[in-house]
Protein chains: 2
Amino acid sequence: MAVADQPTDDEAPSASLNHRIRTDITEKIVSGIWPPGHRIPFEHVLTEQYGCSRMTVNKALSELVRAGLIERRRRSGSFVRHPQSQAAILEIHDIKTEVQALGLPYHYDLTERLLRGADAADYDSFEVETDTPLLQMTCVHFAGERPYCLEERLINLATVPEAETIDFADTAPGAWLIAQVPWSAAEHKIRAASADRATAKALDIAKGAACLIVERRTWSSGKVITKVRLTYATEGHTLVARFAPSGE
Amino acid sequence: MAVADQPTDDEAPSASLNHRIRTDITEKIVSGIWPPGHRIPFEHVLTEQYGCSRMTVNKALSELVRAGLIERRRRSGSFVRHPQSQAAILEIHDIKTEVQALGLPYHYDLTERLLRGADAADYDSFEVETDTPLLQMTCVHFAGERPYCLEERLINLATVPEAETIDFADTAPGAWLIAQVPWSAAEHKIRAASADRATAKALDIAKGAACLIVERRTWSSGKVITKVRLTYATEGHTLVARFAPSGE
DNA sequence: CAGTGGTCTAGACCACGTA
DNA sequence: ACGTGGTCTAGACCACTGT
């Protein structure tokens, strides 16, 4: 096969060929040289340009599809995608890690630990049968001496029976669950709300103060493992989400 | 090559082989059969089990690495990863789409449109030189007759000079920018805050009411294109983020 | 040193959709 | 019908690293 000139001869010298192809094309797209809808070269053309086999080109383009940068249609070719709904990666950290990242000492208090059966209200939000054994807990996470976050958690003991035997006075339930249970899906709902009387008392803030609430449900093998509501006291508390289209 | 028994003979009949291998392994991991740290079979073993070439097995395992489910070490093998920080996909929709999804009529008012040069305060948050031309806009998005969201936006005219010529009375700046500019990175900060006097007036809510604030900065080719602060009036407004480790 | 994964090749057959 | 991408093969060489 004839080895044509390499498109980028002044680029980083190393890295794999398929990675080179990917970054070359990514650069063309994010810089706007290839606008949305533009047809990118056929596989056999890239094969010649880079002097490599079709498999290598295909791997590079397949990963661009995964990253959402291009779409491919048989018999038509590959095209730069029109930007759609923006999607961002939201990192949900362990609360202990969060607090320590602020340079503050961390501790937490378990204020409630209750074993009960599921009722009708749980069915809606938790997707469990009535009377399924649940472990209900409330705890407050501290940053230094100030309350940082109120955690209200339900654990489905039908899926995680070991949780009943754990003394969560020492181990935070979130950290224990992450280490213990393989989870396959999670849903987060993020909203703002004014602190009600009980929340204000627990977090030692004024009633009516704005709070950031994160509600998370976690599934494993199609069953809900746990549901947690995290209420952040600090008005300054911020979630950060980042996005880069190529995933790099 | 000897074709050994297929591990899953009661599964979905179709799909590609590498997809089958991937889902088989994913199932083992998320179900807990293979706990974190467990070594998954070597490539040559899977090659025999599935009666396929090493390339196919390798592709399946490579995608599991991408998905963050496993990690691979030369000479050691491939291992189920210990779950780390949770990461969720946060979808950021166009506001018009958001409102219409609620079944409410959408419109918006442009209440400010100001051409000015960057000052020192912009430098911190916007990463632009002093006197860079900026377009500053404020608008209110309505759901039905109620204010839904307050948008305060800055556009860097050095990177998007065409924006100066657009009449944003008809086209919302967010929608125009997404269609116009290829963006390569975005950062979102999400927090709760009490409405100040101006915000409360713009959104027709009580001063001090809890609001959800999303601040977004968007880059293209290393330069900031736009910075926007979205303040949601509705206490009930919720962002939803989902996660599935295998990306499926 | 031996065995693992990382990458690549030069083919091949097939599914699919546009012309 | 034809050319595209989708998938797969049966090898190969190399880098790395644990024993």
Side-chain angles (χ1 to χ4, degrees), chain A residues 1-4 6-8 11-25 34 37-81 247-248, chain B residues 1-4 6-8 11-25 34 37-81 247-248:
Chain A
M1 165 164 309
V3 176
Q6 307 287 337
T8 58
E11 288 287 329
S14 63
S16 68
L17 227 182
N18 95 58
H19 187 267
R20 257 266 311 279
I21 299 175
R22 222 190 320 145
T23 51
D24 282 356
I25 294 175
W34 289 351
H38 180 268
R39 177 156 71 202
I40 78 177
F42 297 128
E43 289 191 351
H44 73 263
V45 174
L46 291 171
T47 283
E48 287 172 19
Q49 282 186 2
Y50 286 89
C52 65
S53 76
R54 197 184 140 218
M55 190 81 198
T56 304
V57 167
N58 186 279
K59 187 171 185 182
L61 296 185
S62 297
E63 290 180 12
L64 290 178
V65 170
R66 278 215 142 217
L69 269 187
I70 68 172
E71 60 185 345
R72 318 190 70 194
R73 291 192 290 274
R74 286 176 160 110
R75 172 71 217 210
S76 301
S78 306
F79 302 87
V80 178
R81 285 229 303 184
E248 298 185 31
Chain B
M1 167 164 303
V3 176
Q6 308 288 336
T8 59
E11 288 288 328
S14 63
S16 69
L17 228 182
N18 94 59
H19 187 267
R20 257 267 311 279
I21 299 174
R22 222 188 322 143
T23 51
D24 282 356
I25 295 175
W34 289 349
H38 180 266
R39 178 156 69 200
I40 77 177
F42 297 127
E43 289 192 351
H44 73 263
V45 173
L46 292 171
T47 283
E48 286 172 20
Q49 282 186 0
Y50 285 89
C52 66
S53 76
R54 198 186 138 216
M55 190 79 200
T56 304
V57 167
N58 186 280
K59 187 170 186 182
L61 296 185
S62 297
E63 291 180 11
L64 290 178
V65 170
R66 277 213 140 218
L69 269 186
I70 67 172
E71 60 184 346
R72 319 190 70 195
R73 290 192 292 274
R74 285 176 162 111
R75 172 72 214 207
S76 303
S78 306
F79 301 87
V80 178
R81 284 229 304 185
E248 298 185 35

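All values derive from a computational prediction rather than experimental measurement. The analysis underlying the following values was restricted to heavy atoms, covering all of them including side chains, and did not include hydrogens, waters or symmetry mates. Numbered from 1 within each chain, the chains take letters A, B, ... in sequence-line order.
The distance between atom NE2 of H19(B) and atom P of dA15(C), rounded to the nearest whole Å, is 19 Å. Per the geometry, CG belonging to N58(B) stands 14 Å off C1' belonging to dT9(C), to the nearest Å. Rounded to a whole Å, the CZ atom of R22(A) is 14 Å from the P atom of dG6(C). The distance between atom CE of M55(A) and atom P of dT7(C), rounded to the nearest whole Å, is 13 Å. For the pair R54(B) CZ and dT9(C) C1', the computed distance is 14 Å after rounding to whole Å. Between the C1' atom of dG6(D) and the CD atom of E63(A) lies a distance of 15 Å, rounded to the nearest Å. If you take NZ of K59(A) and P of dG5(D), they are 19 Å apart, rounded to a whole angstrom. The nearest whole Å value for the distance from the CD1 atom in I21(A) to the C1' atom in dC8(C) is 11 Å.
Contacts of R75(B) classified as side chain to side chain contact (heavy atoms under 4.5 Å, CB included), with partners at least two apart in sequence or in another chain: none. Residues satisfying the ring-ring contact (aromatic ring centres under 6.0 Å, His included) test with F42(B), not counting sequence neighbours, are H44(B). Checked against side-chain hydrogen bond (donor to acceptor under 3.5 Å, both in side chains), N58(A) has the following partners two or more places apart in sequence or in another chain: E43(A), S62(A). Residues that satisfy the salt bridge (charged side-chain N to carboxylate O under 4.0 Å, His left out) test with R39(A), not counting sequence neighbours, are absent from this structure.
Within the 4.0 angstrom heavy-atom criterion, no nucleotide atom of any strand lies near S62(A). N18(B) comes within contact range of the sugar-phosphate backbone alone, with a heavy-atom separation under 4.0 Å but no base atom that close.
Taking every heavy atom of both residues into account, N18(B) and E63(B) meet most closely at OD1-OE1, 4.1 Å. Scanning both residues, W34(A) and P41(A), for their nearest heavy atoms gives CH2-CD, 3.6 Å. Contact between S78(B) and L61(B) at its shortest, heavy atoms only, is OG-CD1, 4.4 Å.
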Seminar exercise, completed: Going 5' to 3' through nucleotides 14-19 of chain D and flagging B where a protein heavy-atom sits under 4.0 Å of the base, S where only the sugar-phosphate is that close, and - otherwise, we get -BSBB-
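Under the 4.5 Å side-chain criterion, counting only non-hydrogen atoms from C-beta, I21(B) is not in contact with D24(B).
Near DNA chain C, defined here as any heavy-atom distance below 4.0 Å, there are no residues from residues 37-46 of chain A.
The side chain of S53(B) contributes no N or O atom lying less than 4.0 Å from OP1 or OP2 of dG11(D). Note on T56(B): every side-chain N or O is 4.0 Å or more away from OP1 and OP2 of dT7(D).
Checking dT7(D), dT9(D), dG6(C) against every side-chain atom of R72(B), the shortest atom distance belongs to dG6(C).
Atom-to-atom distance recorded for L64(B):CG and R81(B):CZ is 11.5 Å, nearest 0.5 angstrom.
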